[in-house]
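One structure below.
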2 protein chains.
Amino acid sequence: MEKRATQGPGAEDDLGAQLRVAVARLHRRFRSERPEGSLGDAALEVLTRLHKHGPRTLTELSEDDRVSPASMSQIVNRLTSAGYAVRTRDPHDGRKVLFSATPEGDAIARAARAQRHAWLDRRLQELSAEDRAVVARAAALFNKIAES
Amino acid sequence: MEKRATQGPGAEDDLGAQLRVAVARLHRRFRSERPEGSLGDAALEVLTRLHKHGPRTLTELSEDDRVSPASMSQIVNRLTSAGYAVRTRDPHDGRKVLFSATPEGDAIARAARAQRHAWLDRRLQELSAEDRAVVARAAALFNKIAES
DNA sequence: TATTGTTATACTCTATAACTATA
DNA sequence: TATAGTTATAGAGTATAACAATA
């Protein structure tokens, strides 16, 4: 039942388990920052992307977050129902739909980020510059790992 | 607008956003490794903990994962329904319930980890030793951040 | 009264399958 | 046929509120 003997009993093996647990905990911590009655985490990330990068198609959004198009369709439904985003047909390809943030959506994206990231920004500020560099490198590594 | 253009306020701000997105993506990637019909991510992590560390009370388990006791109660319900864990009353304190993995649960914990972490272990092996150290340090930092 | 645990309920997030509309 | 998007349905994960049992 033993692990990987590369570096001694359990050492390498533990890194995977440690990473999994740490990421799950941090993800729950992020979710818990949601104020009452506001958008959920996934919806807010999409809204933030629309706010920052302008109109995107459904397929693009689903690829950005690596979720199925059907899942993304439901996320943007929450945004359009709330009046934070709108659909427009692509004039050059009638199959495509472009999603954009409304002015209200832009305001929500700004406000929500400020509220919900305040504690994270504070924590990051408290780290040493070296530790912040570790976090930045780790984030890049995670994106690579998640793609594979 | 800008991409970490300066060392000013915007640069620090970006790290938080990058971390959030990277963690969300990696978390979804972890979840997607679930084979058909098997336990979900949260349930498997609890089962793994019971397998590794022996009997735990509900409160202990909920604190381990930083979820509410009510949420953890539902997670362990899935485990007991499946026959992977059992409840026993604490003989010294009738309010407490001790949860333990069954032999079947132990087997599932071992097998599931091997299956579901295979790709992650492979990815981590592909990293340089330096990058693995970055991941390990980041995992420790995440636990600290999640606690705060 | 305080602690431990459970159930009821509701919402977010996500997936697969089946569908429509356009190219 | 292939691509873009939607809807229906289901299940995991999580929370709050209300409750019961034990200390």
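In the text below, chain A, chain B and the rest are named by the order of the sequence lines, each starting its count at 1.
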Residues in contact with DNA chain C, drawn from residues 56-67 of chain A - heavy-atom cutoff 4.0 Å: A:Val67

Residues within residues 141-148 of chain B bordering DNA chain C, heavy-atom distance below 4.0 Å: none

Among pairs that include at least one residue of [range], which meet ring pair (Phe, Tyr, Trp, His ring centres under 6.0 Å), considering only residues two or more places apart or in two chains?
{"range": "residues 68-90 of chain A", "result": "none"}
{"range": "residues 125-148 of chain A", "result": "A:Phe142-B:Phe142"}
{"range": "residues 17-50 of chain B", "result": "A:His27-B:His27"}
{"range": "residues 37-72 of chain B", "result": "none"}

Nearest to side-chain heavy atoms of A:Ala70, which nucleotide of D:dT14, C:dT7, D:dT6: D:dT6

Those residues that, when tested against [X], pass side chain to side chain donor-acceptor pair (under 3.5 Å) (two or more places apart):
{"X": "A:Arg49", "answer": "A:Asp65"}
{"X": "A:Glu126", "answer": "A:Arg123"}
{"X": "A:Arg122", "answer": "none"}
{"X": "B:Asp90", "answer": "none"}

Could you go through nucleotides 18-23 of chain C and list every protein N or O atom that sits under 3.5 Å from one of its N or O atoms, giving the distance for each pair?
{"residue": "C:dA23", "atom": "OP1", "partner": "A:Gly94", "partner atom": "N", "Å": "2.8"}

Salt bridge (charged side-chain N to carboxylate O under 4.0 Å, His left out) partners for A:Arg66, two or more places apart: A:Glu147

Whichever of A:Ala24 and A:Ser71 has its nearest DNA chain D nucleotide further upstream toward 5': A:Ser71

Sugar-phosphate, base or nothing in reach of A:Leu39, heavy atoms under 4.0 Å: nothing

